[in-house]
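A short write-up of the structure that comes next.
Order of the sequence lines sets the chain letters (A, B, ...), proteins ahead of strands, with each chain counted from 1. Because only heavy atoms are used, hydrogens play no part in the values below, and waters and symmetry mates are left out as well, while side chains stay in. Everything quoted here is computed from the prediction, not taken from an experiment.
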Amino acid sequence: MTEDSLPRSKVRSDLTPESFTQLLSALHQERTQAAEQYEHIRQALMVYFTFRGAFDPLELADETINRVARRVTEGKEIFTQNPLSYFYGVARNVWREVLAHPVTTQPLDEAPSLDKHHSPDPHELLMQAEEQRTAEQRLRCLESCLQRLPSQDRDLMLAYYQGTGGAKIENRQDLAARFGITLKTLRNKTSLLRGELALCLHRCLGAKER
Amino acid sequence: MFQRERIVQYVMGELDEAEQLRIEEQYFADVEFLGEIQAVCGDLIDAYLTGAMPRRDRERFEKRLHAIPFLRAQVETSRALFQYAQTAATERPEPVRKQRVPFVGWWASRQSFWPRLAWGGIICGLLVGGVWYWQRTRQSITTTPSVVAQAEATPTAIIPPPTPSAPVVAAFSPDPLTKSSVPSVVASLLLSAELTRSENQLARLLIPKAKGVVRLQVELSAGAQPPYEVVLQTAQGQHLRTWRHANIVHSPMGSVVALDVPARLLPKGRYFVALKAGTAPLQKFPFSVEPR
């Protein structure tokens, strides 16, 4: 199955509330701990597929989770020792399937030339206009994605990205002090939130393209 | 190998398959390690966008960006966050306002015909005045080096954005953080190394209250060689912006690098632009900003 031919409609609809509950129960008897473990798995899958070079890591992460959930629903004993290793194994299979079939290639942006002497030509102006349109769309999507975050997380993200250079560092130190957390925790928290926002933007921009 | 360096190599795609598998197994088993990978990735993106990444690392990272679509998406997200947060900080007391019009949609937000027509007229006037002013300024630079070049935000003092009729077109690729900014020039200032200015003769930029972009034009001295790097700082040394990868167009009258800066980033005060061209010594161009 190629990345493109992965059943898009099935990927997200497969995970019914019942199968999701069963999956959580299989991960841990305590619901809170099961939810934490699920979040870890989802993040790990995202990182795995991102750095393997997947065009849509979210889709492949969902596909992996769906496959495992399906086996759990079928009553198979799958988690002998470490459930996370099992997810990793399934993820590798999913990625092998992607690699085994031709994948639609994405056009690459041209790296900027360092000393190109030229006047802007019509094509270049067109590209600039397109770039500008995408940037505007991205900002609109970002605004809508930020609105979906809890207000504290939203404030944190906006404050975290203020300032540059020395001012940025000072700002982040103040921010950590204000929230009563260490810089490391602040860094981890914002990188998770940025990942969530990137996913939201990815979907929002994808929806606008269609 | 230090943990951080190992993670950087993983993000950059420079590990062999066996080591990559080891890292993957580790972050599937250890949530702390997974968090560290995400955080290091965030640090690299920040450094890339704010110009804090050394050139060699920057090249490595850009190669990786071309290969990893979702990493590119994360960079774009961070870029948008930086822009949005900076705008939010200067425009509003609260971090997020529900009905906010994004800065880049400024022109698009002028929906009705008559305001557009009026703005169009103003901009046409500025273009004509700008061409005239530009030619006058260039002549005065070549004939009287001691003249202080200054541009004020009046129709005759504004240098237009590059147009086919403009004698000098300086296309300058902005730094990653500002790549998507939209130029709508409300004031412009020429900064020239040939002009000697004393403390009380600083080039003065008068900025109107309108939203938009200020164009700083830095004159390249004869024989200046790429690569170019331009940094905008306050007189107190606070870094505001860095531009790299200049595409300079030369005309018989000389060459200029145009830097577009959102007007809201330049409150009243003193600033300087530092230009590094090839191996030549760093040149500094001081100027002051005053509200009009």
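Checking Q26(B) against R6(B) by side-chain atom types alone, a donor-acceptor pair falls below 3.5 Å. Under the 3.5 Å distance criterion, with hydrogens and angles disregarded, a donor-acceptor pair is assigned to the side chains of Q43(A) and Q38(B). In the model, E24(B) has a side-chain atom that pairs as donor or acceptor with a side-chain atom of Y88(A) under 3.5 Å.
Heavy atoms of V231(B) lying under 4.5 Å from chain A are absent altogether. The contact between L199(A) and chain B is made by backbone and side chain atoms together, counting heavy-atom distances below 4.5 Å. Neither the backbone nor the side chain of K189(A) has a heavy atom closer than 4.5 Å to any heavy atom of chain B. Interface residue T50(A): backbone and side-chain heavy atoms are both found under 4.5 Å from chain B. For I23(B), no part lies under 4.5 angstrom from a heavy atom of chain A. Only the side chain of Y160(A) comes within less than 4.5 Å of a heavy atom in chain B; its backbone stays farther off. With a 4.5 Å cut-off on non-hydrogen atoms, L34(B) touches chain A through its side chain but not through its backbone. Both the backbone and the side chain of A80(B) have a heavy atom closer than 4.5 Å to some heavy atom of chain A.
In this model, C141(A) has its SG atom no nearer than 2.5 Å to the SG atom of C200(A).
The aromatic rings of Y48(B) and F61(B) sit tilted relative to each other, their planes meeting at an angle between 30° and 60°.
The greatest number of non-hydrogen atom pairs below 4.5 Å with chain B, out of G195(A), S191(A), A159(A), is found for S191(A). Between chain B and the options L45(A), V47(A), L197(A), heavy-atom pairs under 4.5 Å are most frequent for V47(A).
Looking at heavy atoms from C-beta onward, E59(A) lies out of side-chain contact with E63(A) at the 4.5 angstrom threshold.
Ring-centre distance between Y10(B) and F51(A): below the 6.0 Å cut-off.
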